[in-house]
2 protein chains.
Amino acid sequence: MSVVDTKRPNNDLNQRLGVSGFRFTPQRQRVYDVLWEKRDHPTAEEVFIRAKHRMPDISMATVYNCLDALVKSGLARQVTLERGATRFCPNMEEHCHYYCDTCGEVFDVPFPTESAVMPHPLGFKVDHYDIAVHGLCAACAAQKNS
Amino acid sequence: MSVVDTKRPNNDLNQRLGVSGFRFTPQRQRVYDVLWEKRDHPTAEEVFIRAKHRMPDISMATVYNCLDALVKSGLARQVTLERGATRFCPNMEEHCHYYCDTCGEVFDVPFPTESAVMPHPLGFKVDHYDIAVHGLCAACAAQKNS
DNA sequence: CCCTCATTTAGAATTATTCTAAATCTTGAC
DNA sequence: GTCAAGATTTAGAATAATTCTAAATGAGGG
């Protein structure tokens, strides 16, 4: 736990789950840890593989269950950038995702949504923003020009 | 063609496809028409069902092919709001999607992206923005309070 | 300790999308 | 016009992603 866990909420996972009506379980802890170990927006299957290393009996269904519980408890975000597998992200600060359509890399960029004044449909109650920017990362752009 | 096709690009579909290396076909025309007939962000399967009414022999694989051709030609956008089927949208003006997490309805709201100054990762070449706002629509919000 | 209910698990089932191979169609060269 | 090359369509198979099911386990409250 020495490494990069900047801004990880110090609130007890136990408590955060409890507020949303979920129980704390070792599996949920493990899945949450996996998300923090490498913030590279893994898919459910990638989380499954990584979780298995230290918890070999965990099942795919449990990974989905845990991810859903974390999302519903406000401890992780679902990120749907394109067709195919959904990705997950434990960064709950307001930010947007720069997505390289060529190599698939995702970059988190802090972005305060109040800086953009958007006209809402009448009576719409906003829960959260989901901002993706598609394009070419520097590396892939360089490759294309060569 | 009398109805609501505001802002539909008057450019020839033929030509727009051609520029991207695709051929014009009746199926692509039909799929494009379906998207304009009812701008409710249908899934590929919904497009398939609607397209079939006037073109009974069209197949699912063709619908996917046509949608991909339209997206690659800049005539439609892919919209991935949540897990599950991708939706499609022929509105190419800059706009964001307000999405009701309860009833699934999608509202297009014009939104000039240059109004939000975002810091890009170094060297990133932006292709397009994909902005979703999740929450509760007016109708669903009302229902919850009663 | 017992009851209830949440959770986990493996595997089946479902849904969404992509792939394959054969048939058809278009286009450009001759 | 005829022909070859290559794009497109089609049905169906295959794959990928997710959800469901039913049985087993586990934890908390009385």
Side-chain angles (χ1 to χ4, degrees), chain A residues 12-34 41-52 54-73 75-76 78-88 101 104, chain B residues 12-34 41-52 54-73 75-76 78-88 101 104:
Chain A
D12 203 7
L13 181 59
N14 189 337
Q15 209 219 316
R16 305 275 247 119
L17 286 167
V19 169
S20 307
F22 294 105
R23 289 194 185 151
F24 170 89
T25 68
Q27 287 86 348
R28 283 170 185 165
Q29 176 77 69
R30 181 83 195 92
V31 166
Y32 190 55
D33 287 347
V34 164
H41 309 81
T43 62
E45 184 160 31
E46 286 163 344
V47 171
F48 174 57
I49 291 166
R50 295 178 198 175
K52 255 181 123 72
R54 285 210 272 138
M55 190 180 263
D57 288 344
I58 198 170
S59 78
M60 195 66 202
T62 299
V63 168
Y64 272 104
N65 171 320
C66 293
L67 287 169
D68 287 348
L70 292 173
V71 168
K72 286 187 182 137
S73 304
L75 289 158
Q78 239 179 341
V79 183
T80 51
L81 292 162
E82 41 159 22
R83 269 184 326 209
T86 299
R87 298 164 171 281
F88 295 86
D101 288 306
Chain B
D12 204 6
L13 181 59
N14 188 339
Q15 208 219 318
R16 305 277 248 117
L17 285 167
V19 170
S20 307
F22 294 104
R23 290 196 184 148
F24 171 88
T25 69
Q27 287 86 347
R28 284 173 183 160
Q29 177 77 68
R30 181 81 194 96
V31 165
Y32 190 55
D33 287 346
V34 164
H41 308 81
T43 63
E45 184 160 30
E46 286 163 345
V47 171
F48 174 58
I49 290 165
R50 296 179 197 174
K52 255 181 123 71
R54 284 210 271 138
M55 191 181 263
D57 288 342
I58 198 170
S59 78
M60 195 66 203
T62 299
V63 168
Y64 273 103
N65 171 321
C66 294
L67 288 169
D68 288 348
L70 293 173
V71 168
K72 287 188 182 133
S73 305
L75 290 158
Q78 237 178 345
V79 184
T80 51
L81 292 162
E82 41 159 23
R83 272 190 316 215
T86 299
R87 299 164 170 283
F88 295 87
D101 288 307

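In what follows, chains are A, B, ... by sequence order, proteins preceding strands, each numbered from 1. All values reported here derive from a predicted model rather than from experimental measurement.
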Using heavy atoms and a sub-4.0 Å distance, could you list which residues of residues 54-64 of chain B are near DNA chain C? By number, please. B/A61, B/Y64

Do you know which two heavy atoms are closest between A/L67 and A/F88, and how far apart they sit? CD1-CE1, 3.6 Å

Just to verify, what does A/T62 make a side chain to side chain donor-acceptor pair (under 3.5 Å) with, not counting sequence neighbours? A/S59

Could you list the residues that satisfy side chain to side chain contact (heavy atoms under 4.5 Å, CB included) with B/T25, not counting sequence neighbours? B/Q27, B/R28

Heavy-atom pair of closest approach, residues B/S73 and B/S20: CA-OG, 3.3 Å

For the helix from C/dC1-D/dG30 to C/dC30-D/dG1, measure the angle between the helix axis at one end and the axis at the other, each built from five pairs, rounding to 10°. 30°

Sequence neighbours excluded, which residues qualify as side chain to side chain contact (heavy atoms under 4.5 Å, CB included) partners of B/K52? B/F48, B/I58

For the pair made of CZ in A/R28 and C1' in D/dG26, what is the distance, rounded to whole Å? 13 Å

Under 3.5 Å, N/O pairs linking protein and nucleotides 22-27 of chain C:
unit_1	atom_1	unit_2	atom_2	d
C/dT26	O4'	B/R23	NH1	3.4

B/T25 has a side chain; which of D/dT8, C/dT7, D/dT18 sits nearest to it? D/dT8

Please report the interatomic distance CG(B/L70) to CG(B/L13), rounded to the nearest 0.5 Å. 6.5 Å

Sequence neighbours excluded, which residues qualify as salt bridge (Lys or Arg N to Asp or Glu O under 4.0 Å) partners of A/R16? none

Please give, in whole Å, the distance from C/dT7 C1' to A/L70 CG? 14 Å

If I take atom CD in residue A/E45 and atom P in nucleotide D/dT15, what distance separates them, rounded to the nearest angstrom? 15 Å

Under the side chain to side chain contact (heavy atoms under 4.5 Å, CB included) test, which residues partner B/T43, sequence neighbours left out? B/E45, B/E46, B/A85, B/R87

Report the residues that fulfil salt bridge (Lys or Arg N to Asp or Glu O under 4.0 Å) with B/R83, sequence neighbours left out, ordered by chain and then residue number. A/D68

